[in-house]
**Q** 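Here it is: the structure, laid out below.
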Amino acid sequence: MVKIITYGTFDMLHLGHIRLLERAKILGDYLIVGVTSDSYDKSRGKINNQQTLLERIAAVKATGIADEIIIEEYEGQKIDDIRRLEIDIFTVGSDWKGYFDYLREYCNVIYLPRTEGISSTEIRCQKRSLRLGMIGETPFLNKIIKEAELVNGINVVALYSNDLSFMEESLGKNIELLTKDYSEFISSVDAVYIRSLPEFHYSQIKQALENGKHVLCESPVTLDRRQCEELFELATNKNLILMEALKTAYSTAYSRLISLVKTGKIGEIISVDSTCTSLRDKDDKNEWCSMLNWGPTALLPVLQIFGTEFVECKISSKFRDNGYDSFSKIDISYEHSVATVKVGDGFKSEGDLIISGSKGYVYVPAPWWKTEYFEIRYEDISNNRRYYYHLDGEGIRYELVAFARAIEQGWYFSDIEKQVTFKIAEIMEKFTCRQDITIIYL
Ligand code: C2G
């Protein structure tokens, strides 16, 4: 019996896939198909899958061509499978020609003609065509444009801005509409991404929602808790998506570490120490408060681990003449735990995250907010564990994928709990109003 194996994602199963499977089958007697897992696909940069692993397996099974289906979960698995399953022939489409020649050491390798004119990417782009508009004046928007190019079906078509000087010329020329006319802007998009000064967020979000547009807005969503709650209620009432853009929350490594500490891996958690600093580019006109710039990110693990009901919050800040803080230290006390958060764009420190527990601690090296890697360390270092989850583009593309998916399905499982979003708005409100919070002036 001649055993053949082939592998693929098989997202949105189409004629090209089916032809490949049919041709693979007639190379021998028994065809095994390896379907890639979601995490493996994400680790190799395939972030646009529309279907889950189970849906993709079911689709391949329904063709009736495969004699056996396995899951491909890690790089190098092919060698293990070929040896374990005593495979005679490995085959794959000709778009991979040469890439798998190393398998010739273990079996025959045959590249089959790829079916031209059809691909999962094209099908996804036809299925989803989200016209995204951007609001803001910061160079960060260039990153959004670049990252959006990697998300199937999202097209940045318009920019509403009072100052276009930040825009990279090569990127700007691909945007159909650069305008200061809001009505022209809002009528040309399906959804907006907002990265403007936080004091403008409330009105910009409200205007977009009232125009029936979905919103992805950088954190803090507002500088007023009540307004924040009002906007989320408005979005719900209008069946629109309002999502907080805080890219750290969408990175695999970060979300896995939060889940791990909640399983009790390091025992009872007593403290979280989170630092985020980056010396501001002196000619960056968008000078912000360090607290507004870094506070939401630095506070995220504290609020997600300990919750939003703390006993006391005290902030020690060094302020510039213009009233913006160049450095702030936030000391938060809970009933049975504490947290220390340091943020600054005028002072530099080690941007790590340390979560301390009764059995061990989590160490996330700088810059922890765009981490791919963290360690769980114990008294007996032989028990230490290291975790690595590949991260492309700081997490922005995963955030855009989550936003596009939320719009498609009409709801979303938020990577950031709403109470956390509201609490961030509340803390920022108290800090900027210098009210109802202890502030020590350094
Ligand atoms: N394919 C094809 N014609 C197309 C599209 C895809 O013949 N129009 C083939 C691919 O060459 C591949 C299989 O169908 O052999 C599955 O394609 P994908 O689902 O895109 O997955 P891919 O990542 O290309 O699979 O490790 C091997 C890879 O996983 C191969």
Side-chain angles (χ1 to χ4, degrees), residues 2-28 30-128 149-153 252 389-390 392 397-398 401 404-405:
V2 176
K3 296 175 79 174
I4 314 108
I5 197 166
T6 189
Y7 294 81
T9 301
F10 300 105
D11 189 43
M12 316 291 278
L13 193 77
H14 55 67
L15 184 60
H17 294 142
I18 293 169
R19 279 192 180 157
L20 186 285
L21 294 175
E22 286 169 339
R23 289 171 180 154
K25 182 65 178 276
I26 57 176
L27 292 175
Y30 188 85
L31 173 63
I32 299 171
V33 178
V35 180
T36 47
S37 70
D38 296 332
S39 53
Y40 178 47
D41 268 338
K42 196 171 181 180
S43 72
R44 64 187 187 128
K46 291 190 87 169
I47 62 169
N48 287 291
N49 291 355
Q50 291 283 302
Q51 294 178 301
T52 64
L53 170 62
L54 290 179
E55 288 169 331
R56 293 181 282 116
I57 287 174
V60 170
K61 191 172 181 180
T63 65
I65 303 170
D67 297 295
E68 184 180 345
I69 295 176
I70 60 173
I71 298 171
E72 185 179 27
E73 301 186 87
Y74 60 90
E75 194 146 15
Q77 183 181 324
K78 291 181 177 68
I79 296 174
D80 299 341
D81 291 342
I82 287 167
R83 295 175 63 195
R84 176 172 58 85
L85 298 167
E86 297 177 318
I87 298 296
D88 302 294
I89 300 171
F90 165 85
T91 187
V92 72
S94 54
D95 46 319
W96 291 91
K97 192 167 181 57
Y99 193 86
F100 295 107
D101 289 356
Y102 69 88
L103 293 174
R104 295 191 193 283
E105 184 182 341
Y106 307 96
C107 66
N108 287 332
V109 174
I110 297 175
Y111 297 101
L112 295 169
R114 176 188 172 85
T115 304
E116 295 312 323
I118 188 167
S119 73
S120 305
T121 300
E122 286 161 12
I123 293 170
R124 287 190 290 255
C125 289
Q126 286 157 14
K127 181 171 176 285
R128 171 202 295 163
E149 287 168 3
L150 299 162
V151 180
N152 293 165
T252 307
Y389 301 94
H390 183 65
D392 285 314
R397 64 190 71 172
Y398 308 124
V401 165
R405 281 204 182 123

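Counting begins at 1 with the first residue of the sequence. Atoms within a ligand are numbered from 1 in the order they appear, just like the ligands themselves.
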**Q** For Tyr99, check ring pair (Phe, Tyr, Trp, His ring centres under 6.0 Å) against everything at least two apart and list the hits.
**A**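 If we apply the ring pair (Phe, Tyr, Trp, His ring centres under 6.0 Å) test to Tyr99, skipping adjacent residues, the hits are Trp96.
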**Q** Taking NZ, NE, NH1 and NH2 as the nitrogens, is one of them in Asp11 or Arg124 under 4.0 Å from a carboxylate oxygen of the other?
**A**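 Salt bridge present between Asp11 and Arg124.
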**Q** So with a 6.0 Å cut-off around CZ of Arg44, is the heavy-atom count from everything else above 12?
**A**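 Counting neighbours around CZ of Arg44, more than 12 heavy atoms of other residues, nucleotides or ligands fall under 6.0 Å, so yes.
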**Q** Sort and list the pairs that fulfil side chain to side chain donor-acceptor pair (under 3.5 Å) and have at least one residue in residues 84-93, not counting sequence neighbours.
**A** Asp81-Arg84
**Q** Please examine the side chains of Val60 and Leu13, heavy atoms only from C-beta on, and report whether any two atoms are closer than 4.5 Å.
**A**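 Yes, their side chains come closer than 4.5 Å.
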**Q** In order of chain and number, which residues sit within 4.0 Å of ligand 1 by heavy atom?
**A** Tyr7, Gly8, Thr9, Phe10, His14, Gly16, His17, Leu20, Arg44, Lys46, Glu72, Lys78, Val92, Gly93, Asp95, Trp96, Phe100, Arg114, Thr115, Ile118
**Q** Return each pair, listed once, that meets ring-ring contact (aromatic ring centres under 6.0 Å, His included) where at least one residue sits in residues 68-95; pairs must be two or more places apart or across chains.
**A**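 Every pair satisfying ring-ring contact (aromatic ring centres under 6.0 Å, His included) with a residue in residues 68-95: Phe90-Phe100.
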